[in-house]
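Written out below as structure tokens is the structure these notes cover.
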Amino acid sequence: MSKIILTGDRPTGRLHLGHYVGSLKRRVQLQNSGEYDKIFIMIADAQALTDNFDNPDKIRDNIIEVALDYLSVGLDPAKTNMFIQSVVTELTELTFYYANLVTVSRLERNPTVKTEIKMRNFETSIPVGFFTYPISQASDITAFKATTVPVGEDQLPMIEQTREIVRKFNATYNAEVLVEPDALIPENATCSRLPGTDGKAKMSKSLGNCICLSDSEEELNKKVMDMYTDPLHLKVSDPGHLEGNAVFTYLDAFATDDDFAEFLPDYKNLDEMKAHYTSGGLGDMKCKRFLMAVLNKELAPIRARRKEYEKDIPAVYDILRKGTEVARAEAAQTLSEVKAAMRINYFDDEALIQGQQARFNS
Ligand code: ATP
Ligand code: MG
């Protein structure tokens with residue numbers, strides 16, 4: 001069986017460090033591993049509209065931002081098809097048919113959607129489009145017969161929902177058309193759900209607690225300076241706490257032993273640094289300076305590549321246009337198999353017309 005990747009992001013803002021460690025970095029590794037037959041990366045504008053339908057310009061403007069972020073982290077249009085979701089109208093059609101296979105109570109049980117409904121104050125009145133976006137996500141994944149979906153932990157319920165739809169579809173229509181995907185979550189728990197700079201559960205565009213991949217060195221340094229640490233750690237000599245301390249959480253996600261050798265040779269590794277912090281005598285400022293150095297080192301090549309791509313924006317749209325054409329052809333093929341399995345491919349089925357004639361003749 002072919003190995004196929006599908007994943008994507010909502011164009012609701014520039015991409016941030018959570019995206020990077022949760023999914024983007026892995027995508028680039030997978031892309032360059034040469035182990036995948038096809039790779040599709042989707043800018044999920046239709047999904048973003050489900051909770052931003054009244055602000056289409058926000059989506060419109062952020063498509064290019066996300067595309068630039070993709071190219072700047074090293075996604076390569078020669079190996080990866082980057083495309084815009086809404087242009088692939090086949091996805092909407094699939095969603096309509098899959099909706100028959102899902103109950104309202106099943107959607108209500110989705111823990112990620114529950115959290116997002118609360119975050120958006122949709123409790124009293126949930127837009128139907130938003131409520132059903134896990135079905136549309138199943139369409140995105142299955143349209144490409146994706147086997148592998150590299151995502152952060154918040155997406156696990158969506159993958160599970162997709163697998164259920166695949167099984168139900170194949171069983172109901174007695175066909176082997178759709179493929180059950182596997183999620184690929186970062187092994188490092190911190191990376192699978194990077195908290196915000198405010199220490200809140202998840203760095204998220206909607207919460208405004210992000211360090212963006214495109215932030216300048218100055219912007220990044222300011223955000224790290226303002227970062228949440230340990231409110232009980234008042235004097236340098238006080239013992240510090242690691243629990244909920246965003247600076248150490250980020251170091252968990254980013255700092256390597258080489259970074260210590262380069263920027264903070266007082267310690268060999270993060271364990272030694274943590275031991276000093278918790279016993280007292282290591283100040284927050286020193287920790288923050290180290291974190292700045294680590295992050296700026298990681299982001300420097302990404303910023304430089306972005307600057308290059310920003311010089312020719314029409315070329316970036318062209319990359320999206322080409323990726324979208326390839327994606328569309330792929331989705332159309334799956335849709336036609338789906339319709340054949342559902343027996344709604346009337347005009348493609350000569351036997352149907354002849355069979356009906358025979359019925360009326362008899
Ligand atoms: P929004 O607030 O609009 O939902 P978001 O910041 O949650 O935006 P998405 O576009 O919804 O970003 O997520 C895209 C991908 O990035 C998903 O695979 C998601 O799991 C992953 N991701 C997003 N935020 C984080 C995070 N803080 N840590 C790890 N992975 C993340
Ligand atoms: Mg999200």
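Note that the structure is a prediction, hence the values are computed from the model and not measured. Counting starts at 1 for both ligands and their atoms, in listed order.
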What do you reckon, does [X] have a nitrogen or oxygen under 3.5 Å from a nitrogen or oxygen of ligand 1?
X: Glu116; result: no
X: Thr12; result: yes
X: Gly18; result: yes
X: Ser23; result: no
X: Arg10; result: yes
X: Pro150; result: no
X: Asp154; result: yes
X: Gly152; result: yes

[X]-[Y] side chain donor-acceptor pair, cut-off 3.5 Å:
X: Asp9; Y: His19; answer: no
X: Tyr133; Y: Glu116; answer: yes
X: Thr256; Y: Asp259; answer: yes
X: Asn209; Y: Lys200; answer: no
X: Asn296; Y: Asn221; answer: yes
X: Gln155; Y: Gln137; answer: yes
X: Gln31; Y: Asp76; answer: no

Could you tell me, atom by atom, which parts of ligand 1 come under 4.0 Å of a heavy atom of [X]?
X: Arg193; value: 28 (N), 29 (C)
X: Gln155; value: 17 (C), 18 (O), 20 (O)
X: Gly22; value: 29 (C), 30 (N)
X: Val151; value: 18 (O)

Are any of the side-chain heavy atoms of Val73 and Arg27 separated by less than 4.5 Å?
-> no
Are side-chain heavy atoms of Thr229 and Cys287 found at a separation under 4.5 Å?
-> no
Any idea which part of [X] is under 4.0 Å from ligand 1, heavy-atom wise: side chain, backbone, both or neither?
X: Ser192; value: backbone
X: His16; value: side chain
X: Pro195; value: neither

With Arg10, the salt bridge (charged side-chain N to carboxylate O under 4.0 Å, His left out) member among Asp51, Asp154, Asp140 | Asp51
Which residue and heavy atom of the protein sit nearest [atom], plus the separation:
atom: atom 28 (N) of ligand 1; result: Leu194 N, 2.8 Å
atom: atom 22 (N) of ligand 1; result: His19 CD2, 4.0 Å
atom: atom 7 (O) of ligand 1; result: Lys202 NZ, 2.6 Å
atom: atom 1 (P) of ligand 1; result: Ser206 OG, 3.4 Å
atom: atom 8 (O) of ligand 1; result: Lys205 NZ, 3.1 Å
atom: atom 15 (C) of ligand 1; result: Asp9 OD1, 3.5 Å

Using non-hydrogen atoms of the residue, decide whether Pro186 is closer than 4.0 angstrom to ligand 1.
-> no
With a 4.0 Å cut-off on heavy atoms, is Gly8 touching ligand 1?
-> yes
Expected output: side-chain Asp69 to main-chain Leu15 donor-acceptor under 3.5 Å | yes
Gly152 backbone acceptor or donor facing Arg193 side chain under 3.5 Å = no
Mind listing the closest non-hydrogen atom pair of Val316 and Ala67 along with its distance?
-> CG1-CB, 3.8 Å
Of Tyr70, Tyr317, Phe144, which meets ring-ring contact (aromatic ring centres under 6.0 Å, His included) against Phe83?
-> Phe144
